[in-house]
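Take a look at the structure set out below.
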Amino acid sequence: MSEEGSSAPHEGDSSGPPVGETVIGIIVIRLIRSFPHRNIKHIVLRDTPRNITTAEFLSQLISEEIPKYPGLPPPFRKHNYDTLKISHQAHGAKTNDPVINKENDEELILQPGKSLGDCHIVNETELSLFNMEEYQRYKSDPTLQR
């Protein structure tokens, strides 16, 4: 909010939080239930703390956010999610694969001991939430990627 009390956004707000900002404005989560069938739903989270660890964030997503998110069908609520990966960030390039970026896993999969801020999660980052075993199978089998 600006000093005059207006809710008009500042120039450059979507590029990341200002220095000292303690929350990430918007994070979009892509729930991937099936890679070969491309079963994907999006949920939007607001005002997520930057200092929460990825393990805490994942646990909170699975136990609190997903079960209560309006409009999600039961199969998405009960799926065995265990991994978060950066899909893309605001003003960044997107992958050509309609399901998930299969490259740079070492850099893009969020490590459990790091905070979201340490993982460079900023406003309007899109994260994919999926099951790692299913992802490895999808990556290794070209027939599933049609």
Side-chain angles (χ1 to χ4, degrees), residues 1 7 9-146:
M1 223 194 242
S7 62
H10 293 293
E11 212 171 315
D13 272 354
S14 64
S15 65
V19 175
E21 187 70 32
T22 59
V23 296
I24 302 167
I26 295 175
I27 299 176
V28 177
I29 308 290
R30 301 176 79 235
L31 302 174
I32 303 174
R33 189 175 153 284
S34 169
F35 288 95
H37 298 290
R38 298 180 181 161
N39 290 349
I40 300 168
K41 294 284 184 190
H42 294 83
I43 64 173
V44 178
L45 303 178
R46 299 182 193 287
D47 301 327
T48 304
R50 291 176 53 75
N51 61 351
I52 190 172
T53 66
T54 57
E56 293 169 325
F57 181 65
L58 181 60
S59 173
Q60 192 175 45
L61 260 176
I62 292 170
S63 66
E64 297 174 23
E65 299 292 339
I66 293 172
K68 297 175 187 172
Y69 200 83
L72 273 182
F76 281 90
R77 294 178 193 273
K78 297 176 182 174
H79 191 67
N80 185 27
Y81 304 108
D82 62 7
T83 307
L84 282 163
K85 181 176 180 178
I86 298 173
S87 295
H88 80 278
Q89 294 183 317
H91 313 294
K94 289 187 177 184
T95 180
N96 287 331
D97 190 309
V99 180
I100 194 167
N101 179 359
K102 297 183 298 276
E103 299 173 8
N104 300 327
D105 285 348
E106 301 80 28
E107 296 172 24
L108 300 177
I109 290 180
L110 304 187
Q111 301 304 313
K114 293 185 174 183
S115 72
L116 295 182
D118 291 342
C119 292
H120 308 288
I121 306 301
V122 296
N123 190 37
E124 297 184 14
T125 296
E126 187 171 298
L127 300 174
S128 293
L129 179 61
F130 55 90
N131 179 281
M132 180 56 91
E133 186 178 315
E134 294 170 1
Y135 171 66
Q136 294 296 344
R137 200 173 15 222
Y138 176 73
K139 248 178 98 168
S140 65
D141 188 352
T143 61
L144 297 176
Q145 300 173 22
R146 294 182 199 164

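Note that the structure is predicted; figures quoted are calculated from it, not measured. Computed over heavy atoms, backbone and side chain alike; hydrogens, waters and symmetry mates excluded.
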- Write down the atom of M132, the atom of D82, and the distance for their closest heavy-atom approach. N-OD1, 2.8 Å
- Does the side chain of L110 reach to within under 4.5 Å of the side chain of L58, using non-hydrogen atoms? no
- Item | Test item: V44 and Y69 side chains (from C-beta on) under 4.5 Å apart, heavy atoms | yes
- Closest contact, heavy atoms only, F76 versus L31: CE2-O, 3.6 Å
- In chain order, what residues pass the side-chain contact (heavy atoms from CB on, under 4.5 Å) check against K78, with sequence neighbours excluded? none
- Task: On the 0 to 90° scale, with breaks at 30° and 60°, tag the Y135-F130 ring pair as parallel, tilted or perpendicular.
- Result: tilted
- Report yes if some heavy atom in the side chain of L61 is under 4.5 Å from a heavy atom in the side chain of L84; otherwise report no. yes
- Could you give the distance from CZ (R46) to CD1 (I27), rounded to the nearest 0.5 Å? 11.5 Å
- Return each pair, listed once, that meets salt bridge (charged side-chain N to carboxylate O under 4.0 Å, His left out) where at least one residue sits in residues 52-62; pairs must be two or more places apart or across chains. none
- When you look at Y138 and K102, which way does the side-chain contact (heavy atoms from CB on, under 4.5 Å) test go after all the steps? CA-CA 9 Å; Y138 176 73; K102 297 183 298 276; 3.8 Å; yes
- From D118 CG over to T54 OG1, what is the distance, rounded to the nearest 0.5 angstrom? 9.5 Å
- D47 side, atom CG; T22 side, atom OG1 - distance, nearest 0.5 Å: 9.0 Å
- Query: Between the side chain of Q111 and the main-chain N/O of I109, is any donor-acceptor distance below 3.5 Å?
  - Reply: yes
- Task: Using atom types as modelled and distance alone, determine if a side-chain donor or acceptor of R77 lies under 3.5 Å from a backbone N or O of I66.
- Result: yes
- Task: Locate the shortest heavy-atom distance separating R50 from V23; write the atom from each residue and the value.
- Result: CG-C, 3.8 Å
- Query: Any sub-3.5 Å donor-acceptor pair from N131's side-chain atoms to N80's backbone N or O?
  - Reply: yes
- Message: Can you confirm whether more than 12 heavy atoms, excluding those of E133, are under 6.0 Å from its CD atom?
- Response: no
- Going by heavy atoms in the side chains, are P73 and K41 under 4.5 Å from each other? yes
- Query: Which distance, rounded to the nearest 0.5 Å, do you find between the CG of L127 and the CD1 of I43?
  - Reply: 10.0 Å
- Please answer whether the main-chain N or O of I26 pairs with a side-chain N or O of N123 as donor and acceptor at a distance below 3.5 Å. yes
- Determine yes or no for a side-chain-to-main-chain donor-acceptor pair under 3.5 angstrom, with N104 supplying the side chain and E107 the backbone. no
- Item | Shortest non-hydrogen contact between Y81 and I32, atoms and distance | CE2-O, 3.7 Å
- Query: Are I86 and I121 side-chain neighbours, meaning at least one heavy-atom pair lies under 4.5 Å?
  - Reply: yes
- First locate atom OG1 of T83, then atom CD of Q136, and finally report the distance between them rounded to the nearest 0.5 Å. 8.5 Å
- Message: When you measure from the side chain of Q89 to the backbone of H120, do you find a donor-acceptor pair of N or O atoms at a distance under 3.5 Å?
- Response: yes
- Note on the structure: Output for pair (H42 NE2, L72 CG), nearest 0.5 Å, gives 11.5 Å
- Item | Distance-minimising heavy-atom pair for I100 and S128 | CD1-CB, 4.0 Å
- Message: For a side-chain contact (heavy atoms from CB on, under 4.5 Å) check, start with the C-alpha distance between L116 and I24, then their side-chain angles and the critical distance, and finish with the verdict.
- Response: CA-CA 9 Å; L116 295 182; I24 302 167; 4.0 Å; yes
- Provide the closest heavy-atom pair for V99 versus R38 in the form atom of the first, atom of the second, distance. CG2-CG, 3.3 Å
